[in-house]
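Numbers here simply count residues along the sequence, with the first being 1. For ligands, and for the atoms within them, numbers begin at 1 and follow the listed sequence.
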Amino acid sequence: MQRIPVAILGATGAVGQRLVSILFDHPWFEPVALCASERSAGKPYGQSTRWMLPDPMPQAAATMAVRGCAPFSGPAIAFSALDADVASEIEEDWAKSGRLVVSNARCHRMRVDVPLVVPELNADHLRLVERQPYPGGGAIVTNPNCSTIGLVMALKPLDDAFGLRAVNVVTLQAASGAGYPGVPFMDLIDNAVPYIHGEEEKLEAEPIKILGRLSADGSRVEGATFGVSAACHRVAVSDGHLEAVSVSLERPADRASILRAWMDAGADTDGLRLPSAPERPLVYIDAPDRPQPRFDRGAGKGMSATLGRLRPCSTLGWKFELLSHNTLRGAAGGTVLLAELCVVKGLVPRAAGFAVLGEAMPELELEPALA
Ligand code: NAP
């Protein structure tokens with residue numbers, strides 16, 4: 001079976017390593033290029049990367065020479081785990097060269113013509129790529145911020161069932177969320193830092209776009225009308241963002257109906273058999289002291305969000321805890337799932353030299369290309 005050739009941009013970083021780990025063992029995608037800065041280019045990946053994952057580096061990756069990030073022929077998809085300071089232009093260059101860019105970086109997320117997608121929640125927003133200016137089927141699609149993803153997975157069923165009026169969220173975010181080497185040891189051990197640059201703004205803006213409605217003509221997202229207030233903290237945890245969430249709902253809800261809304265929620269990915277889709281996007285643990293990062297971040301192979309401690313809130317109505325893995329569901333795993341969705345939606349540019357969608361995945365019923 002022919003796999004889709006892909007490049008990983010920012011392959012040496014914290015998220016890039018997760019992409020390497022997932023994609024070298026992926027049934028649909030074949031990494032043909034590992035790209036990073038000029039500091040790393042030219043060296044074998046095994047030498048240029050300080051591998052931080054418990055699983056060994058894939059042998060095929062270790063011997064691959066790292067390339068610079070300017071576009072070249074071969075890959076049909078570019079997974080971007082680039083530093084946000086450089087991602088904007090590089091991602092545009094790949095889209096202009098007719099490739100699908102699936103990005104973890106913040107640069108293009110809030111653009112009117114760029115979909116910001118959690119595959120289970122708002123797959124229909126992918127239609128926005130029809131409005132993008134790139135030739136040859138090139139497009140940019142984006143994954144939300146790592147704290148936003150878990151939050152919106154919990155909020156969408158509540159919004160659908162009861163209507164959301166207001167959300168207050170306080171995060172305890174893992175060190176790996178700052179990339180490698182990230183926050184200095186001296187700042188983080190025996191400490192918690194009540195500031196993450198730009199994070200609160202993202203957490204307050206992105207849910208409004210993700211849970212908004214695509215306009216009838218598919219040209220833009222009409223933002224959701226609830227408000228979000230966020231306070232973000234960095235804590236000495238390796239992986240897994242914990243969030244304390246309070247919600248005000250439009251319509252009355254009791255504990256049983258909220259739990260039912262979470263557990264019965266359908267997903268836009270249902271029936272698509274995407275390899276990275278977790279069996280249960282939301283898991284609820286009925287214990288007084290869960291979820292916890294060390295015990296629960298691996299739920300659904302790191303792709304499920306874990307909920308717990310649903311209880312009344314004396315000011316907003318209801319409150320709960322949620323945990324999601326920041327470099328899996330919140331970054332690399334999320335973009336791989338998004339790329340899988342793009343494949344079945346027909347968004348992988350055939351002009352890139354890859355023309356075997358139907359042949360590669362004969363068991364899938366592919367939707368007609370959107371572009
Ligand atoms: P990171 O560990 O700092 O890695 C950054 C990557 O960008 C490295 O591969 C680096 O290559 C490359 N890079 C830096 N400057 C470059 C340049 N001038 N040209 C080409 N490549 C360059 O960061 P990260 O945590 O993996 O985050 C990557 C992206 O994902 C960021 O946009 C971040 O905001 C986003 N994100 C991160 C998380 C998370 O939990 N960590 C979650 C969601 C989203 P060299 O090694 O050669 O310098």
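Applying the ring-ring contact (aromatic ring centres under 6.0 Å, His included) test to residues at least two apart or on different chains, the pairs with a partner in residues 235-278 are W262-F320. Evaluation of the ring-ring contact (aromatic ring centres under 6.0 Å, His included) test over residues 81-137, restricted to residues two or more places apart or in two chains, returns F72-W94.
How far CD of E243 is from CG of N168: 11.5 Å, rounded to the nearest 0.5 Å.
Checking L9, I8, V32 one by one against P75, the side chain to side chain contact (heavy atoms under 4.5 Å, CB included) holds for a single residue, V32.
A pairwise comparison of heavy atoms in C107 and S88 identifies SG-N, 3.6 Å as the closest pair.
In this structure, L316 stands alone, with no Ile, Leu, Val, Met, Phe, Trp or Tyr side-chain heavy atom under 4.5 Å from its own, directly or through other members.
Contact shell of ligand 1 (protein heavy atoms, cutoff 4.0 Å): G10, A11, T12, G13, A14, V15, A36, S37, R39, S40, C69, A81, L82, D83, A84, V86, N104, A105, C146, S176, G177, G179, Y180, N326, T327, G330, A331.
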